[in-house]
A.B. asks: 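Here it is, the structure, as structure tokens.
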Amino acid sequence: MAAIQTVKGFRDFFPEACAKRNYIQSVWTSVARRYGFVEYETPVLENTELYKKKSGQEIVQQLFYFEDKAGREVAMRPEVTPGLARMITARQMGYKKPMKWFQMGSCFRYEEPQEGRSREFIQFNADIIGDGSGAADAELVGLAIDLMREFGFTEEDVVVRLSNRQIWVEYMERLGLDELQQSVLMQVVDKLERVKPEVSEARLKEIGLSLVELKLFMTEITAAHPVFAELRMNLEARGLWSFVKIDASIVRGLAYYTGCVFEVFDLKYDLRALAGGGRYDQLNALMSDGHVDLPSVGFGMGDVVVGLLLDRCADAKLKMDNAVTNALGCDVYVALADEGKRFEALKLIQQLRDDLRLKVEYSMQPLKLNKQFQMAEYLKAKWAIVVGSEYPELQVKKLSTRESRTVNLSEIAETLR
Ligand code: HAM
């Protein structure tokens, strides 16, 4: 019988993949905490309606949804922002503003699996609720940059492409475009880099514009535009502005963005976006029928593209590989040279695990000493301790240097320290 495969676009996590995932999550968590963010979580399963109302057409087309046993239409979360808005509007009174919240967990989108895109991915989200200033935008963009730096990526590896939807709103009002025409223009801008110029030209013609006119307007949007001033000054003061490039073609597919928008891209491998987000000042009001009107800004970062880039940038990979080796390996391998001393060895193992909090491995079955040493190498143990007939005298071997010495059981803690 053929083996049952994973569902298309879903992943098994073997221990190495788990260690890599945990490393990515530990970077996300530690940097977010450094920035003062606290963790929250929304459910994995939601009422489909939540996304139909709040996310926009593209996400709705990609929903994993089904009817539950009671006939309710439910969907696996494709993103967490609408769920967060629900939480905020329900309980925001209980929290001082601004609220700086982060979460991470699996999201699901029915996309065509390809490099950088799968149907299940882990997304980190950070959002600031209750601060409508450019300083809050800068805190978020700064966090995205510092996450990249913590992974070991530099300005040569990644860039934050930044724009502001407000610029487009004003431009479209000036042109007198109606809602439908506005959405055509935004779609053209969003896909400008990915589709042939003739295709964009044809769509622009429908709304009375030409590609030349559009590109001319876009070249006028530079870092000197007043809409970027506060954000820029805040990031310059931190020495992070060099990671940012103003790029008017960033408009973001999701429906709820109202101001600053940005995406993080790699510079060498042409991978899909590593992260994306922006300001969404009307979503909370929309969610609460106008009762809660809190400005918000946030972004999401997925594990898939981050993982691809980690494998390709040497310094970042070295950092990750060390963390993975550490996670998979052990500190001490206790080898038995004399089966008669198994229970003495177990007592020692228990003490090392309990008192010194070390990761300790040994063979649960009798095994030739050379096989036990092979296992110690395989597990990348830092130390091997040989328990033999001379017990309580022990052989302690540092495996990186092969240096070995005899110590008494009573000296073992001191020796390992
Ligand atoms: P998004 O741009 O749809 O934004 O997703 C953010 C990131 O999630 C992407 O840059 C990518 O790294 C990852 N991602 C998205 N779809 C996939 C996929 N199919 N496979 C692998 N990775 C994927 C949002 O989701 C917004 N809710 C972010 C946000 C938070 N805005 C405000 N607060």
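Read the numbers this way: they start at 1 and go in the same order the structure lists the ligands and their atoms.
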A.B. asks: Students should be able to answer this: which protein heavy-atom is nearest to atom 4 (O) of ligand 1, and at what distance?
C.D. replies: Arg252 NH2, 3.0 Å
A.B. asks: For atom 33 (N) of ligand 1, what is the nearest protein heavy atom, given as residue, atom name and distance?
C.D. replies: Asp127 OD2, 2.7 Å
A.B. asks: Out of Glu111, Arg109, Gln103, indicate the one that has the non-hydrogen atom closest to atom 19 (N) of ligand 1.
C.D. replies: Glu111
A.B. asks: Could Glu115 and Arg272 be called an ion pair, given the rule that one side-chain N must be under 4.0 Å from one carboxylate O?
C.D. replies: no
A.B. asks: Just need the protein heavy atom nearest to atom 14 (N) of ligand 1, so name the residue and atom and give the distance.
C.D. replies: Phe121 CE1, 3.4 Å
A.B. asks: Distance to 0.1 Å, residue and atom name: give those for the protein heavy atom nearest to atom 24 (C) of ligand 1.
C.D. replies: Leu254 CD1, 3.5 Å
A.B. asks: Check this for me: does any side-chain nitrogen of one of Lys100 and Asp131 sit under 4.0 Å from a carboxylate oxygen of the other?
C.D. replies: no
A.B. asks: Between Leu274 and ligand 1, which residue portion shows a heavy-atom distance shorter than 4.0 Å: side chain, backbone, both, or neither?
C.D. replies: backbone
A.B. asks: Below 30° counts as parallel, above 60° as perpendicular, anything between as tilted: where do the rings of His225 and Phe228 land?
C.D. replies: perpendicular
A.B. asks: So, Glu112 and Arg119, do they make that salt bridge, N to O below 4.0 Å?
C.D. replies: yes
A.B. asks: Can you confirm, on distance only, whether ligand 1 has an N/O atom lying under 3.5 Å from any N/O atom belonging to Tyr256?
C.D. replies: yes
A.B. asks: Given Ser118, Ala85, Gly277, which has its nearest heavy atom closest to atom 20 (N) of ligand 1?
C.D. replies: Ser118
A.B. asks: Salt bridge check: are Arg72 and Glu49 linked by an N-O gap of less than 4.0 Å?
C.D. replies: no
A.B. asks: Between Phe299 and ligand 1, which part of the residue brings a heavy atom under 4.0 Å of the ligand: side chain, backbone, both or neither?
C.D. replies: backbone
A.B. asks: Just to verify, which of Lys382, Arg357, Lys359 counts as forming a side-chain hydrogen bond (donor to acceptor under 3.5 Å, both in side chains) with Asp331?
C.D. replies: Lys382
A.B. asks: Is Arg21 paired with Asp303 through a side-chain N to carboxylate O contact shorter than 4.0 Å?
C.D. replies: no
A.B. asks: Any donor-acceptor pair under 3.5 Å linking the side-chain atoms of Thr154 with those of Asp157?
C.D. replies: yes
A.B. asks: Going by the closest heavy atom to atom 5 (O) of ligand 1, which one wins out of Arg117, Glu79, Gln123?
C.D. replies: Gln123
A.B. asks: If you have a sec, work out which protein heavy atom is nearest atom 30 (C) of ligand 1 and how many Å separate them, to one decimal?
C.D. replies: Asn125 OD1, 3.1 Å
A.B. asks: In the protein, which heavy atom is nearest to atom 28 (C) of ligand 1, and how far is it?
C.D. replies: Gly300 N, 3.4 Å
A.B. asks: Among all the protein's non-hydrogen atoms, which is closest to atom 31 (N) of ligand 1, and how far away is it?
C.D. replies: Tyr257 OH, 2.7 Å
A.B. asks: Would Glu377 and Arg402 pass as an ion pair if we require N to O under 4.0 Å?
C.D. replies: yes
